[in-house]
Amino acid sequence: MTERLPDARPERRGSARRAGAAALTAALLLSSAAVAATRCPDEQHQAMHEVAALKTELLVVALACKQEDRYNEFVTRFRPYLGENDKALLRYYTGTRGRAGQRDYDAYVTNLANARAKLGQELGSDFCPRNSALFAEVMSLSGGNDLPAYAAGKDLVPATLGACAAQAAAPAAAVRPAAASRSRGR
Amino acid sequence: MRHALPLAALVVALAGCAQQPQPVAAPQARVFAVDMQGGARVCNATQNVALDPARPAEAQMVLVNDGGWCGISVAQPGPRPYAAGLVTARPAHGRVHIRTVGDRTRVDYIPDRGFAGTDSFAVRMLPGGAQMRVAVTVQPGQIAATPAAATGR
């Protein structure tokens, strides 16, 4: 469930980025409308959503800013914890809702990517130099046990999305990830 | 003519002073506009909090809830920002955002919409593990129509 991006070697970099961008764009096309911000009543559930948001943010940064290698290093280092978090999050959604829960989980992850990409677009040319610093921050942690406390301080769960809320399925406009080379004159 | 040579020498001396190279200030780390936007219009927080790994620091924060953040800046010697921050105790009625702003790390508290009252949270900074506990007082306010541009926070 927690997968590395294809190695960003020069001969593969172009195809890896195209594949990743295509996957992200496809996911964004399925994203649903925003819901009111919520916070999980249970701190553990809130932490699961925040770690998922952190992973999504780093993926968006990696694809938009050509930092696939750094994302792969992050995934490799924290793989056991990230894998367990993904499973726990899926269990949270499917525990009482079965297949509907699976759809809710998929919708949440998709909406998360959409929201983070939209925020990245708003930052324009500042997005890559600013948000790439997240890789250095997360790699300075002592281990996976620090991930929840670190993610809790990054305010990555979009206010329009919240956590622990059932996601209504509705079509929404796709959001293209911010591109590192595009200058938006900000 | 008798005074021309001393006067000329004085002019040359003054010109030399004017041409002395000025010390170049060390470049500061970049500050991104988005990190200075959205501050609460009324935010009073403990400044110059000295973090010590040996004992937790205590800080206070009073803000009017207009949807904006109220922040406390901390730094390692240099100054340099911390590598990362951990939220060790979550606020009950808001969110915490720990971010690098230039040469420092700023610990922001954002109250929940409509909340007024007291809150608290705690953070631990890396490297070193220095801790800071923050007591927050949130006064009622109205959501600002436009985000405030924070200065000097």
Side-chain angles (χ1 to χ4, degrees), chain A residues 36-47 49-51 53-54 57-58 74 78 119-163 178 184-186, chain B residues 29-39 67-72 74 76 80-115 119 121-129 131-132 134 143 147:
Chain A
T38 59
R39 185 184 299 134
C40 301
D42 185 293
E43 190 175 304
Q44 188 179 10
H45 293 153
Q46 180 68 24
H49 286 78
E50 288 165 345
V51 171
L54 172 65
E57 175 69 7
L58 292 174
F74 159 71
F78 296 102
L119 289 170
Q121 201 174 44
E122 291 170 1
L123 283 178
S125 58
D126 280 352
F127 176 70
C128 285
R130 178 179 178 269
N131 289 40
S132 292
L134 289 174
F135 286 113
E137 288 188 12
V138 75
M139 295 303 281
S140 74
L141 303 181
S142 60
N145 288 338
D146 280 346
L147 273 178
Y150 171 73
K154 301 314 292 183
D155 200 24
L156 288 170
V157 177
T160 53
L161 192 63
R184 297 182 186 272
R186 295 189 184 194
Chain B
R30 186 173 171 183
V31 175
F32 295 97
V34 67
D35 293 320
M36 302 305 292
Q37 295 166 354
W69 49 262
C70 188
I72 295 174
V74 294
Q76 299 188 84
R80 290 177 298 124
Y82 284 91
L86 310 177
V87 177
T88 53
R90 293 171 179 266
H93 305 285
R95 315 186 310 272
V96 174
H97 189 179
I98 305 171
R99 49 180 146 176
T100 295
V101 182
D103 297 330
R104 300 179 180 276
T105 298
R106 199 179 68 215
V107 181
D108 296 338
Y109 169 83
I110 308 109
D112 289 341
R113 190 183 185 99
F115 172 68
D119 203 351
F121 64 93
V123 298
R124 177 160 59 91
M125 309 308 297
L126 300 176
Q131 299 181 63
M132 179 172 68
V134 184
I143 300 296

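Below, chains carry the letters A, B, ... as their sequence lines are ordered, and counting in each starts from 1.
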How long is the span from the [atom1] atom in [X] to the [atom2] atom in [Y], to the nearest 0.5 Å?
X: B/D35; Y: A/D126; atom1: CG; atom2: CG; value: 9.0 Å
X: B/H97; Y: A/L156; atom1: NE2; atom2: CG; value: 7.0 Å
X: B/R99; Y: A/R130; atom1: CZ; atom2: CZ; value: 6.0 Å

Original post:
Tell me, side chain or backbone of B/A92 under 4.5 Å from chain A's heavy atoms, or both, or neither?
Top reply: backbone

Original post:
What part of B/R113 gets closer than 4.5 Å to chain A, counting heavy atoms only: side chain, backbone, both or neither?
Top reply: neither

Subject >> Minimum heavy-atom distance between B/G85 and A/Y150, given as atom pair plus value >> reply: O-CD1, 3.6 Å

**OP:** Heavy atoms only: give me the nearest B/R90-A/A152 pair and the separation to one decimal.
**Re:** NH2-CB, 3.7 Å

**OP:** For A/R39 and B/G94, indicate whether the former's side chain and the latter's backbone hold a donor-acceptor pair under 3.5 Å.
**Re:** yes

Subject >> Test item: A/K154 side-chain N/O and B/I98 main-chain N/O as donor-acceptor pair under 3.5 Å >> reply: yes

Original post:
Who wins among B/V34, B/D108, B/V107 for the most heavy-atom pairs under 4.5 Å with chain A?
Top reply: B/V34

Original post:
Among A/P129, A/A133, A/P148, A/A136, which has the most heavy-atom pairs under 4.5 Å with chain B?
Top reply: A/P129

**OP:** I would like to know whether B/T100 and A/E137 meet side-chain contact (heavy atoms from CB on, under 4.5 Å); could you show each step before the answer?
**Re:** CA-CA 10 Å; B/T100 295; A/E137 288 188 12; 3.9 Å; yes

